[in-house]
J.: 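One structure, pasted below without further comment.
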Amino acid sequence: MSTLQTIHDVPVLICPSQGETIRGEREALDLIGDAGYQGARWAVIPVGRLDESFFRLETRVAGDIVQKFVQYGVGLVVLGDVSRLTEESSSLRDFVRECNRGTQTWFVADDDELRERLKG
């Protein structure tokens with residue numbers, strides 16, 4: 001079950017590492033609904049909860065999921081090491097870099113990096 005935490009005065013919904021795989025928009029919308037219900041501004045999803053298709057950009061799964069989060073005004077954090085995946089795909093590496101420049105979707109390696117990003 002996801003838990004609501006406040007990090008630097010920011011309400012954040014933390015998804016557990018175990019649970020349903022997030023394969024597409026349906027699961028993303030469930031998570032967005034949960035985040036909204038609990039008043040979270042961000043939802044944190046561990047890398048292992050995302051279906052492998054999320055990391056293959058040609059499937060458009062990542063774009064569809066990110067777009068839903070943008071549409072509903074909930075920030076998305078992918079938590080965990082994606083370096084192996086970005087080493088294998090220059091397009092994924094570029095996507096991660098561009099996301100991390102923005103204020104809506106972040107890829108962070110660990111809790112410390114998340115806390116630092118939420119500091120402001």
Side-chain angles (χ1 to χ4, degrees):
M1 174 179 251
S2 298
T3 58
L4 185 68
Q5 293 183 15
T6 301
I7 303 171
H8 299 296
D9 295 324
V10 179
V12 179
L13 186 70
I14 308 288
C15 296
S17 56
Q18 301 297 314
E20 179 183 15
T21 299
I22 297 166
R23 290 182 165 76
E25 290 181 44
R26 182 185 62 78
E27 295 86 3
L29 285 170
D30 289 345
L31 183 56
I32 291 165
D34 192 16
Y37 177 76
Q38 294 194 47
R41 290 190 16 222
W42 288 88
V44 177
I45 304 172
V47 169
R49 291 282 304 275
L50 291 163
D51 188 75
E52 68 175 43
S53 62
F54 180 90
F55 300 102
R56 287 183 288 122
L57 297 183
E58 67 272 10
T59 67
R60 298 188 175 161
V61 171
D64 291 344
I65 288 174
V66 168
Q67 182 59 38
K68 287 299 177 194
F69 277 88
V70 169
Q71 184 177 354
Y72 288 94
V74 176
L76 170 61
V77 175
V78 176
L79 178 69
D81 184 9
V82 295
S83 60
R84 180 185 56 79
L85 298 165
T86 58
E87 287 171 9
E88 296 171 1
S89 169
S90 62
S91 60
L92 180 62
R93 183 172 47 251
D94 292 344
F95 178 72
V96 168
R97 184 177 56 246
E98 288 303 314
C99 285
N100 283 341
R101 288 182 180 166
T103 59
Q104 177 63 42
T105 304
W106 297 335
F107 288 78
V108 299
D110 54 34
D111 290 333
D112 290 337
E113 187 178 350
L114 173 61
R115 290 180 185 290
E116 189 62 32
R117 294 286 312 245
L118 290 172
K119 246 186 209 178

J.: Cluster question for you: counting only ILVMFWY and a side-chain heavy-atom cut-off of under 4.5 Å, with indirect links fine, are L4 and L79 together?
T.: no
J.: Is there a path of hydrophobic side-chain contacts, each under 4.5 Å between heavy atoms of I/L/V/M/F/W/Y residues, joining L118 to F69?
T.: no
J.: Sequence neighbours left out, what pairs pass side-chain hydrogen bond (donor to acceptor under 3.5 Å, both in side chains) with at least one residue falling in residues 9-19?
T.: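 Every pair satisfying side-chain hydrogen bond (donor to acceptor under 3.5 Å, both in side chains) with a residue in residues 9-19: there are none.
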J.: Write out all pairs satisfying side-chain hydrogen bond (donor to acceptor under 3.5 Å, both in side chains) with one or both partners inside residues 100-109, taking only residues at least two apart or from two chains.
T.: E98-R101
J.: When rounded to the nearest 0.5 angstrom, what is the spacing between CD in E25 and CG in D64?
T.: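 Between atom CD of E25 and atom CG of D64 there are 4.5 Å.
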J.: Between V108 and V74, is there a shared hydrophobic cluster once you connect ILVMFWY residues whose side-chain heavy atoms come closer than 4.5 Å?
T.: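 No, V108 does not connect to V74 through the hydrophobic network.
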J.: Charged N to carboxylate O below 4.0 Å: is that the case for E113 and R117?
T.: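 Here E113 does not pair with R117 in a salt bridge, since their nearest N and O are not under 4.0 Å apart.
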J.: Could you tell me the separation between the CD atom of E87 and the CG atom of L92, rounded to the nearest 0.5 Å?
T.: 11.0 Å
J.: Considering residues, nucleotides and ligands other than R60, do more than 12 of their heavy atoms fall under 6.0 Å from its CZ?
T.: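 Result for CZ/R60: open.
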J.: I'd like to check the side chain to side chain donor-acceptor pair (under 3.5 Å) partners of T21; sequence neighbours left out, ordered by chain and number.
T.: none
J.: Taking all heavy atoms of A28 and all of I22, pick out the closest pair and write down the distance.
T.: N-CG2, 4.4 Å
J.: Indicate the atoms forming the closest heavy-atom contact of L13 with S2, along with that distance.
T.: CD1-CB, 3.6 Å
J.: What residues, two or more places apart in sequence or in another chain, satisfy side chain to side chain donor-acceptor pair (under 3.5 Å) together with R115?
T.: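 Here no residue qualifies.
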J.: To the nearest 0.5 Å, what is the distance between CD (Q67) and OH (Y72)?
T.: 10.5 Å
J.: Are any side-chain N or O atoms of E88 and backbone N or O atoms of L85, one a donor and one an acceptor, separated by less than 3.5 Å?
T.: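 Judged by distance alone, no pair lies under 3.5 Å.
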J.: List, one per line, each side-chain donor-acceptor pair under 3.5 Å for residues 31-55, sequence neighbours excluded.
T.:
| unit_1 | atom_1 | unit_2 | atom_2 | d |
| --- | --- | --- | --- | --- |
| D34 | OD1 | Q38 | NE2 | 2.9 |
| R49 | NE | E20 | O | 2.8 |
| R49 | NH1 | P16 | O | 2.8 |
| R49 | NH2 | E20 | O | 3.0 |
| D51 | OD2 | S53 | N | 3.0 |
| D51 | OD2 | S53 | OG | 2.7 |

J.: For residues F95 and S91, determine if any side-chain heavy atom of one lies less than 4.5 Å from a side-chain heavy atom of the other.
T.: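 The answer is no; the side chains never approach within 4.5 Å.
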J.: Shared ILVMFWY cluster between V78 and I14, side chains joined below 4.5 angstrom?
T.: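 No, it is not one cluster - the side chains of V78 and I14 are not joined through contacts under 4.5 Å.
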J.: Identify whether L57 and L76 are in the same connected component of the hydrophobic contact network (ILVMFWY, side-chain heavy atoms under 4.5 Å).
T.: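 Yes, same cluster.
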J.: Roughly how far apart are Q5 CD and D111 CG, rounded to 0.5 Å?
T.: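 Answer rounded to 0.5 Å: 7.5 Å.
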J.: Checking D81 now: which residues fulfil side chain to side chain donor-acceptor pair (under 3.5 Å) with it, not counting sequence neighbours?
T.: S83
